[in-house]
Every structure is written in C-alpha cells, then in structure tokens.
S.K.: 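Handing you a structure now.
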Amino acid sequence: MVNIRQTGEDIFWIGASDRRIELFENLFPVEKGVSYNSYLVLDEKTALFDTADVSVSEQFLENLSGTLGGRALDYLVVLHMEPDHCSQIRTVAALYPELTIVGNAKTFTMLGQFFPETASVKRLEVKEGETLSTGKHTFHFVTAPMVHWPEVMFAYDDATKTLFSADAFGTFGALDGGLFADETDFECDYLDEARRYYANIVGKYGMQVQAVLKKAAGLDIQCICPLHGPVWRKDLAWFIDKYDKWSRYEAEEDSIVLIYGSIYGHTASAAARLAAKLREKSGRTVRVFDVSKTHSSDLIGEIWRSGTVVLCSPTYNNGIYLPMQALLHDLAALGLKNRTFALVENGTWAPVAGKLMREELEKLKDCRILEDVLTIRSALHAADEERVEQFAAAVIA
Ligand code: FEO
C-alpha cells in the first residue's frame with residue numbers, strides 16, 4: 001500500500017522506515033530503526049530526489065509508482081551516492097528508461113563504480129550554483145563535500161523554500177507516522193539519536209559542515225528535507241543551532257559524562273562515588289556509563305553533548321582496558337575537539353592506564369587534560385574519601 005506525505009506544494013515524501021535493521025552501516029545499533037527518505041516533485045516535469053535503501057525497496061518503489069500515477073519520471077536527482085540512498089538507481093532507471101540522472105562529476109564517477117550498467121542512461125552534470133527547473137520549481141545546487149561523502153550536494157527550491165539536505169539534519173530512528181519534527185516529541189524521542197547520528201556519521205567533518213552552514217545561511221529556508229528522520233518546517237533555527245554547536249565541537253551542555261571500565265566492580269564503585277561527589281559539589285548533570293555495556297556510538301554521542309569527560313580505566317595487560325582503548329581510538333578518528341578530560345586509573349600492582357589514556361587524548365586538538373590523575377590501588381576505601389573529594393573539586397574547577 002502506498003504510504004506518502006506531502007511536504008510542500010508539488011513535493012511528496014515517498015520514503016520508508018526499516019525497523020528490522022540491527023546495525024546501520026553494519027556498525028551502529030539502531031534499536032529504533034531508521035528511515036530512508038526520498039522525495040518526488042510533481043511539477044510540469046517530475047523529479048525524484050534520491051532513492052532508498054534496498055531493505056525498503058518494495059515500499060519505496062510502490063510509493064514512487066503510486067505517486068507518479070502513470071506519469072513518466074523525467075529526472076532522478078542524486079544528492080548522495082551512499083548505498084542507503086542510491087541502491088535503487090539501477091531499478092528506477094530500468095523502470096523509467098527515459099529519465100535523466102542529475103548529479104555532479106563526482107556523483108557520476110561513483111555511479112559508474114556502483115552501477116556501470118547505467119552508463120547508457122541520460123545524464124545532466126551540474127556544478128555548484130547551477131539550477132534545474134521543473135516548471136514552477138527551480139532547484140539550486142549547493143555542493144556539500146564530505147557531508148558525508150565527497151559528492152554530496154544540497155538542492156534548494158525557490159518556490160517552496162525547501163532545502164533538500166542529504167545526510168545533514170538527519171537522525172537515526174524510524175518514523176512513527178509523524179513525518180514532520182513538529183508532529184513528534186523530537187527532544188524526547190529523537191534528539192539523542194540525532195546527536196549520535198551526527199557525531200558518529202558526520203562528526204569527523206565539522207569544518208565541512210560549518211562551510212555548508214555558512215552557504216545555507218544565505219538562503220531563506222522554510223523547510224528542511226533530510227535523507228533520514230523527520231522533516232523540519234517549524235523551529236528550524238533550534239535544530240540548525242544544534243548542528244552549528246556539534247560541528248564546532250562545542251558542548252551542548254555544561255554536563256559531565258563519566259565513563260568507566262571495571263573488571264570486578266572496584267573501578268565501578270569508585271566511579272559511582274566520584275559521580276556522587278561531582279553532582280553534589282557542582283549541581284551539574286552527571287551521566288555515568290559502563291564502557292563494556294554501552295555501545296561506543298552512544299558514548300560518543302554523550303561526549304559530543306557534554307563539556308567535561310571523566311574516563312576511569314583499569315590497567316590491563318600493562319595497557320588501557322580494551323573497550324576504553326577502543327573508545328579513545330574512535331574519538332581520535334572522529335577528531336573530537338574542545339573538551340575537558342579528567343582521568344582515573346586503577347591498578348593492583350602497576351597502574352599505567354592514566355598515563356596511557358593521556359597519551360591518546362593528547363592527539364586531540366584543543367582539549368584540556370587535568371594534570372592530577374586519581375590513582376586507585378585495587379579499590380577505594382573510607383580513608384580515600386578526602387582524595388576523591390579533592391579530585392572532584394579539581395574536575396569541577
Ligand atoms: Fe545516509 Fe551517508 O548516507
């Protein structure tokens with residue numbers, strides 16, 4: 001059955017959600033699923049903006065043919081060539097052989113790599129600032145390299161003031177009937193997932209996101225149509241501000257995230273005592289996570305949210321506890337900046353995790369690492385209360 005929504009004059013969302021998916025990119029757990037958005041413009045000419053993932057292909061193709069209602073498809077505009085959006089290009093081109101694929105030079109290089117059999121399909125190559133008219137609507141192309149791949153483009157429609165923003169402004173999470181963000185409790189149901197999506201998928205490319213945000217600032221945007229998650233037609237400034245902060249690596253909150261690894265519970269116990277002291281002394285929100293239990297993508301989302309990060313690690317094989325080591329590796333790969341770190345190490349005979357975590361964190365730019373390390377020998381006891389108190393005071397300061 002066709003399941004579509006209208007997002008603006010002549011513009012229809014024809015995407016679908018996948019709730020069966022376990023791991024997005026075969027990497028990130030998505031308990032709430034994910035949506036793959038595709039948009040169809042029914043103007044004097046018809047234009048499809050991106051296809052969808054193979055997992056929702058049946059629904060997507062039914063939506064496409066049902067919305068076209070027997071009309072031909074004139075254009076397939078490819079804003080992003082990652083397979084979660086391009087997987088159906090070959091099928092769409094076979095179903096609508098008269099169409100013209102619209103993309104930039106990099107789009108067509110990737111199209112040839114993924115689908116060489118589309119070489120005979122008509123093509124229209126566009127560059128930054130060029131336009132495509134479908135009649136009443138004129139779409140302006142804005143290149144957005146590395147948000148999240150090099151070929152990514154945005155398209156801006158003059159007539160409806162709609163920005164088709166590719167992966168930008170997207171989020172994990174299936175759509176629960178509400179397509180528009182204002183039809184959902186976005187802050188409660190999607191914001192954590194939007195942050196996790198941003199930090200893990202696009203987080204490395206903050207500079208490029210900033211560049212495209214500057215370009216977009218010159219446009220009168222009334223609606224944002226991303227490739228994942230809700231469409232924005234209200235409170236756009238609120239969400240753009242989140243993106244601005246995230247891409248400047250600026251903490252969203254003055255909160256503290258405390259992440260610990262613990263083999264037998266002693267470091268966990270110390271982390272709990274430290275968290276209580278931090279909360280009591282600062283009044284700031286403190287969130288505590290077990291690095292072995294929480295997926296690194298969630299931890300990275302939390303680190304993107306908070307200004308202060310406390311890492312507590314046992315010493316393991318004369319190194320850092322392995323899940324903590326993996327988290328530090330991810331942070332370096334994503335190029336996190338501008339955070340304050342405090343370190344707690346545990347070691348029964350030779351604690352070195354603090355020194356080694358510091359060496360990893362020193363690879364990050366614009367981060368402050370507290371000089372004092374709280375060293376635990378096996379376990380904390382009542383006699384250590386004063387030490388914990390002083391350490392908590394130093395973290396807060
Ligand atoms: Fe949703 Fe970069 O693909």
Side-chain angles (χ1 to χ4, degrees), residues 13-39 48-57 59-60 76-90 92 101 103-104 106-111 113-115 141-155 163-175 179 181 190 193-209 211-213 216 224-232 239 243 246-247 297 300-301 304 330 333-335:
W13 172 87
I14 63 162
S17 289
D18 180 6
R19 287 184 179 75
R20 288 189 174 191
I21 182 173
E22 290 283 337
L23 299 173
F24 184 80
E25 293 188 356
N26 210 13
L27 196 58
F28 304 109
V30 275
E31 281 180 18
K32 297 177 179 174
V34 65
S35 79
Y36 302 102
N37 299 340
S38 168
Y39 303 92
L48 174 66
F49 284 75
D50 294 295
T51 69
D53 188 75
V54 67
S55 62
V56 297
S57 58
Q59 180 72 62
F60 160 73
L76 166 53
V77 182
V78 180
L79 298 180
H80 188 13
M81 269 302 294
E82 194 165 7
D84 54 334
H85 309 293
C86 83
S87 84
Q88 297 306 295
I89 289 180
R90 178 173 43 198
V92 169
I101 298 179
N104 57 49
K106 289 183 179 128
T107 317
F108 289 120
T109 301
M110 292 182 186
L111 186 68
Q113 289 169 192
F114 279 111
F115 305 118
F141 294 103
V142 178
T143 55
M146 300 319 296
V147 185
H148 134 243
W149 278 18
E151 86 299 356
V152 170
M153 296 191 293
F154 293 178
L163 182 72
F164 296 89
S165 63
D167 273 343
F169 305 107
T171 174
F172 292 136
L175 294 169
L179 172 66
Y190 286 101
E193 287 295 80
R195 187 188 306 106
R196 184 166 73 99
Y197 173 88
Y198 175 83
N200 288 277
I201 307 290
V202 196
K204 184 177 179 65
Y205 305 111
M207 200 168 71
Q208 289 84 346
V209 173
V212 81
L213 284 177
I224 298 177
C225 290
L227 286 175
H228 301 284
V231 168
W232 289 82
F239 198 42
Y243 251 72
W246 295 339
S247 55
S297 65
I300 283 164
W304 239 262
D330 274 1
L334 291 169

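Start at 1 and go down the list; that is how both ligands and their atoms are numbered.
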S.K.: If you have a sec, read the angle at atom 1 (Fe) of ligand 1 from His85 atom NE2 over to His228 atom NE2, to 10 degrees.
M.R.: 90°
S.K.: Do any N or O atoms from the side chain of Ser165 and from the backbone of Ile224 form a donor-acceptor pair under 3.5 angstrom?
M.R.: no
S.K.: Can you tell me which N/O/S atom of His148 has the shortest distance to atom 2 (Fe) of ligand 1?
M.R.: ND1
S.K.: Using atom 2 (Fe) of ligand 1 as the vertex, how large is the angle between OD2 of Asp167 and OE1 of Glu82, rounded to 10 degrees?
M.R.: 170°
S.K.: To the nearest 0.5 Å, what is the distance between OH (Tyr198) and OG1 (Thr171)?
M.R.: 14.0 Å
S.K.: Measure from the ring center of Phe154 to the ring center of Phe141 and say whether it is less than 6.0 Å.
M.R.: no
S.K.: Answer whether the closest heavy-atom distance between the side chains of Asp167 and Tyr197 falls below 4.5 Å.
M.R.: yes
S.K.: For N/O/S atoms only: which one belongs to Asp84 and is nearest atom 1 (Fe) of ligand 1?
M.R.: OD2
